[in-house]
Peer 1: 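Here it is, the structure in full.
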Amino acid sequence: MTKRWTQMTVVLCTVLLMAGCGGGNNAAVQSTAEPGKEPAAATAAAETAVPASTEPSTDAVSTVKPVTFSYYSNYDWDTTEQWGADSTTRWIADTLKVNMTPVQSSGAAETKFSTMIASGSLPDVIMTDRGASVERLRQGGMLVALDDYLDKYPNLKNNAGEATLGMLRSDDGKLYQFPNWYTSSPNGNGGWIINKKIYKELGSPKLETFDDLYAYLKLVKEKYSDVVPLEVGAKGRGIDTMYGGWAENKPYLTRANPVGDELKPIFEDPIFIENMQYASKLFRDKLISQDVFTQTGDQINEKLKTGRVAVYVDGDVVNPGRGADGALKATDPEAGYEIIWPVHKAGLDAAKITPNNYNSLGWNVLVITKNAKDPEAIFSYLDWLTGEEGQRIINFGRKGLYWDETDADGVPILNAGGLSTEQAGKDKERIGRFNWVGNTTFIDQTKAKMDAQLPADKQNWTTLAQQKVTWKTSRNFTEFVNLDPLPDSEEGTIATAVNDIYQEAFAKTLYAKSDEEVLSLINQANEDASKAGYGKLLAYQTERWQNNLSKMK
């Protein structure tokens, strides 16, 4: 349930990623690299990596200005790896003369961020969420406007498009944010995966509706005492993903419910109530992990990799699913995990179930601060990075590693190393770890075509799962971005209070002893939120939502 309020979307992105939801800024959210690895992994990779080629790229050398800049990722969980410890960034340093010095959050991002602002010691580049963090810097006169660079370095403008850039502009009409994982096509990593061996041993029963799921989970509990029937992710994030199965084309804002042209209280949403009652029933029947609020992501991954999970639902299942599938197949070719179409309420059109949300603006953003000595040089690198050549190199490795040539569409043609190297070996190269300005549409289309060059048994599990299910079950969420108020505003104070009320109610409903108690707890939360000023907050967000719709038209 992390960052529900600040992101106003399903963890998708989770992604995810996102990979969401599903990954940090150093990890390509939509890539197959596993997020959250420590710098030591990059050092190990450097020891085994093929030496970086210094063969110049005409396009890059002609557009990128040499620069060294400091970089800070404004997230507790993120550790920025050493620049040049992998062959890709070593190629960038040698060829483009671009270097980066990391500034770490050390697990206390907000404190670090506030201290840097107060002391005036901001890094040159900051990655952060859209909204309050950016506006805090902009209103303090600390950011460089990017508008003057857009025509001179046109990759961002050409790939993101004017509509997306327009929605990223601040109230003064200027652009300060460089988007990460912006897209013109559906994406997402959330959904459902099942343990194939357990499913087959239990007769491969129909697993389409929530009624089917309940019956299957009961069967798992009876037959496998050491297996978690349904894993719902850290802090119960998968329950958010389940919400999308109770209605057709239903967006999930976590703190609001769109009704007509207004945002209404989430606590009055019948879909939210039904979802929480179902989740509570699963929890009290011990079909969900009983340590849902205390277990870590690493603990969940360990359960998956040892086959002790029958069904897994979360905002990102395709990245952990790949690792778990590979781990199980290493000892038993018949074992592994398989993605399934999202579980849904009986009677609904399965083709209209959308547990994933995406928006054209992507996940988060980079900003350049006025502390930077040469902001144009930084922008020239970021703009190259978000273009075709930059995305090809940062996501698939430098030329000469796994590919030597490209086809007419710019898709790398795998060489002998690319065809023969197992995915685990490729992961050691840390490719994708420094893609801060992901161009989702280009990357998704390219990696799908590259994967098709491989034999079936070597094709990437994540890519196949995305193509088969998650991208097909993703809803455009662009109209709901940028709804959050500034933290120190009146609406921001209300938002904090409502968030606390929501979090408490969410936990209590899982422990409820009946559907009636779930409803009572939700009703009480609604009353408490109303007293805290929920109505004023929703009015503010409704206005911003309608403003988004006007911009999109």
Side-chain angles (χ1 to χ4, degrees), residues 1 4-5 10 192 207-222 228-248 250-259 262-295 310-311 313-314 342-348 353 355 497-535 537-538:
M1 297 288 290
R4 279 193 180 86
W5 185 252
V10 181
W192 303 75
L207 197 52
E208 299 174 1
T209 70
F210 283 115
D211 293 334
D212 297 336
L213 177 66
Y214 183 80
Y216 181 68
L217 298 179
K218 292 281 284 185
L219 190 59
V220 171
K221 183 185 176 185
E222 293 172 6
V228 178
L230 176 64
E231 180 55 70
V232 293
K235 308 299 182 183
R237 294 178 308 189
I239 295 172
D240 291 351
T241 307
M242 285 168 53
Y243 176 94
W246 294 100
E248 297 172 0
K250 182 66 174 174
Y252 185 46
L253 277 67
T254 73
R255 303 295 184 278
N257 177 37
V259 179
E262 290 185 78
L263 295 179
K264 298 290 188 179
I266 188 65
F267 304 114
E268 297 175 7
D269 177 13
I271 304 303
F272 172 74
I273 294 170
E274 189 170 20
N275 188 48
M276 294 310 300
Q277 287 178 329
Y278 183 79
S280 179
K281 179 182 179 181
L282 296 180
F283 187 81
R284 63 177 173 266
D285 288 349
K286 294 183 171 52
L287 302 178
I288 290 178
S289 305
Q290 299 298 287
D291 56 351
V292 62
F293 294 113
T294 58
Q295 64 181 344
V311 183
V313 58
D314 204 348
V343 178
H344 55 276
K345 184 178 180 178
L348 298 181
I353 301 303
V498 173
N499 181 58
D500 291 342
I501 292 167
Y502 179 96
Q503 296 283 11
E504 182 178 359
F506 181 87
K508 285 183 175 179
T509 55
L510 281 191
Y511 288 94
K513 294 180 173 58
S514 66
D515 286 353
E516 292 74 22
E517 186 178 352
V518 171
L519 181 58
S520 176
L521 288 166
I522 292 175
N523 287 338
Q524 183 60 55
N526 194 36
E527 291 181 23
D528 294 342
S530 180
K531 292 175 183 177
Y534 198 11
L537 172 64
L538 291 171

Peer 1: Tell me the closest heavy-atom pair linking I288 and A279, and the distance in Å.
Peer 2: CD1-O, 3.7 Å
Peer 1: Counting C-beta onward and ignoring hydrogens, is there a side-chain heavy-atom pair between W192 and L207 closer than 4.5 Å?
Peer 2: no
Peer 1: How close do K221 and D285 get, heavy atom to heavy atom, and via which atoms?
Peer 2: NZ-O, 3.0 Å
Peer 1: Return yes if a side-chain donor-acceptor contact under 3.5 Å exists between N523 and E527, otherwise no.
Peer 2: no
Peer 1: Would you say the side chain of K508 lies within less than 4.5 Å of the side chain of Q524, judging by non-hydrogen atoms?
Peer 2: no
Peer 1: Could you grab the distance from atom OG of S514 to atom NZ of K281, nearest 0.5 Å is fine?
Peer 2: 12.5 Å
Peer 1: Yes or no on side chain to side chain contact (heavy atoms under 4.5 Å, CB included) for K250 and N257, after CA distance, side-chain angles and deciding distance?
Peer 2: CA-CA 10 Å; K250 182 66 174 174; N257 177 37; 2.7 Å; yes
Peer 1: If we count only N and O atoms by modelled type, under 3.5 Å, do the side chains of T209 and D212 hold a donor and an acceptor together?
Peer 2: yes
Peer 1: For a quick test of reading the model, state the closest non-hydrogen atom pair linking L538 to P265 and the distance between them.
Peer 2: CD1-N, 3.5 Å
Peer 1: Output all residues satisfying side-chain hydrogen bond (donor to acceptor under 3.5 Å, both in side chains) with Q290, sequence neighbours left out; order by chain, then residue number.
Peer 2: none
Peer 1: Measuring only between side-chain heavy atoms, which start at C-beta, is F267 closer than 4.5 Å to Y502?
Peer 2: yes
Peer 1: Would a line drawn from the ring center of F272 to the ring center of Y243 be shorter than 6.0 Å?
Peer 2: no
Peer 1: Drop me the distance from D528's CG to D500's CG, to the nearest 0.5 angstrom.
Peer 2: 11.5 Å
Peer 1: Any side-chain donor paired with an acceptor under 3.5 Å for T241 and R237?
Peer 2: no
Peer 1: Looking at every non-hydrogen atom in both residues, tell me the closest pair between L348 and A247 and how far apart they are.
Peer 2: CD1-N, 3.6 Å
Peer 1: About how many Å separate NZ of K286 and NZ of K218, when rounded to the nearest 0.5 Å?
Peer 2: 11.0 Å
Peer 1: A side-chain contact here means heavy atoms from C-beta on lying under 4.5 Å apart; do D269 and K264 qualify?
Peer 2: no
Peer 1: Could you check whether any side-chain N or O of T509 sits under 3.5 Å from a backbone N or O of A505, counting only pairs where one atom can act as donor and the other as acceptor?
Peer 2: yes
Peer 1: Hey, mind stepping through Y216 and V311 against side chain to side chain contact (heavy atoms under 4.5 Å, CB included) and telling me if it holds?
Peer 2: CA-CA 10 Å; Y216 181 68; V311 183; 3.8 Å; yes
Peer 1: Pick from L213, V232, D240: which one makes a side-chain contact (heavy atoms from CB on, under 4.5 Å) with V313?
Peer 2: V232
Peer 1: Decide yes or no for Y534 and I266: does some side-chain heavy atom of the first lie under 4.5 Å from some side-chain heavy atom of the second?
Peer 2: yes
Peer 1: When rounded to the nearest 0.5 angstrom, what distance separates CD1 in I522 from CZ in F506?
Peer 2: 10.5 Å
Peer 1: Work out which heavy atom in I353 is nearest to a heavy atom in P342; give both atom names and the distance.
Peer 2: CG2-CB, 3.8 Å
Peer 1: Does A512 offer a backbone N or O that forms a donor-acceptor pair with the side chain of E517 under 3.5 Å?
Peer 2: no
Peer 1: Which distance, rounded to the nearest 0.5 Å, do you find between the NZ of K235 and the CG of D314?
Peer 2: 13.5 Å
Peer 1: With no hydrogens and no angle check, do the side chains of N526 and E268 hold a donor and an acceptor under 3.5 Å apart?
Peer 2: yes
Peer 1: Of all the heavy-atom pairs spanning F210 and Y278, show the shortest one and how long it is.
Peer 2: O-OH, 2.8 Å
Peer 1: Hey, is the main chain of I239 close enough, under 3.5 Å, to the side chain of N275 for a donor-acceptor pair?
Peer 2: yes
